[in-house]
Amino acid sequence: THFGIGKKGEIHQYVSEEHAAWGNGLLTNPNWEWAKVFPGVNPNLYSLSYELEGMSGEIPTAEQWNALIYLLKFKSAEYGIPIERRRFVGHYMIDPVNRAGCPGAGFPWDRLFQEFNISSSVTKISFPVIAFGAKGEAVRYLQAQLNARGFDCGVVDGEFGEKTLKALVNFQRAKGLTADGIVGPITWAHL
């Protein structure tokens, strides 16, 4: 896992965010909408994982809770990740066969959603294949993600122009992907 939070609220980092932590397990009959967006793509390649010290059924301590909320807010801001219901995932959603009880019955999902003032309902997402000349919200999201990761594509305007193309190709090369300037499932997963 990337981060562990002890009962006293201490935060430990076990794996650098630049690397995949294998704490999420593999997709095994997932009931998670992102698994449908990126079918067959290992979820550890496009997620950060967090663990709380304790046994299944335990409610997080106040110190753990405060540390978790701090860490989620900090990482969301650092990476420009929108705080939305679909981004909060239990391991049971990735692998309901082998991890059905994770994070445990005591984890207060409703409290988490209230903390961020988000609905507990899951909304549908769409990550279309996009390339040079595309326009719209998917391009705007791409540009924001590239800028947040240090691949300067300039203004986030929703128009896939030359600067966005150059930033995307540099990102793909840096990640060891096919640098074709096309954003498909694999590139989305790495973003």
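The residues of the chain are indexed from 1 along the displayed sequence.
A donor-acceptor pair under 3.5 Å links the side-chain atoms of T61 to the main chain of K7, judged by distance alone. Not one N or O on the side chain of H2 forms a donor-acceptor pair closer than 3.5 Å with the backbone of V15. In this structure, the side chain of Q172 engages the main chain of G181 through a donor-acceptor pair within 3.5 Å. Panel note: side chain E18, backbone S16; no donor-acceptor pair is recorded below 3.5 Å. At least one donor-acceptor pair under 3.5 Å links the side chain of Q143 to the backbone N or O of G158.
Legend: residues meeting side-chain contact (heavy atoms from CB on, under 4.5 Å) with I182, ordered by chain and number and at least two apart, are V129, A131, D180. Under the side-chain hydrogen bond (donor to acceptor under 3.5 Å, both in side chains) criterion, N42 pairs with N44, sequence neighbours left out.
The aromatic rings of F171 and F151 stand perpendicular to each other, their planes meeting at an angle above 60°, with 30° marking the opposite boundary. Using the six-membered ring where Trp is involved, F160 and F132 have ring planes that are perpendicular, over 60° apart on the 30 and 60° scheme.
Counting heavy atoms of neighbouring residues, nucleotides and ligands inside a 6.0 Å radius, atom NZ of K75 exceeds 12 of them.
Nearest heavy-atom pair, I11 versus F3, reported as atom, atom and distance to 0.1 Å: CG2-CD2, 4.1 Å.
By the 4.0 Å N-to-carboxylate-O rule, K163 lies close enough to D152 to be salt-bridged with it.
Inspection of the Y14 and E51 side chains reveals no N or O donor paired with an N or O acceptor under 3.5 Å.
Note on V156 and I83: separate hydrophobic clusters, where clusters join Ile, Leu, Val, Met, Phe, Trp and Tyr whose side-chain heavy atoms are under 4.5 Å apart, directly or indirectly.
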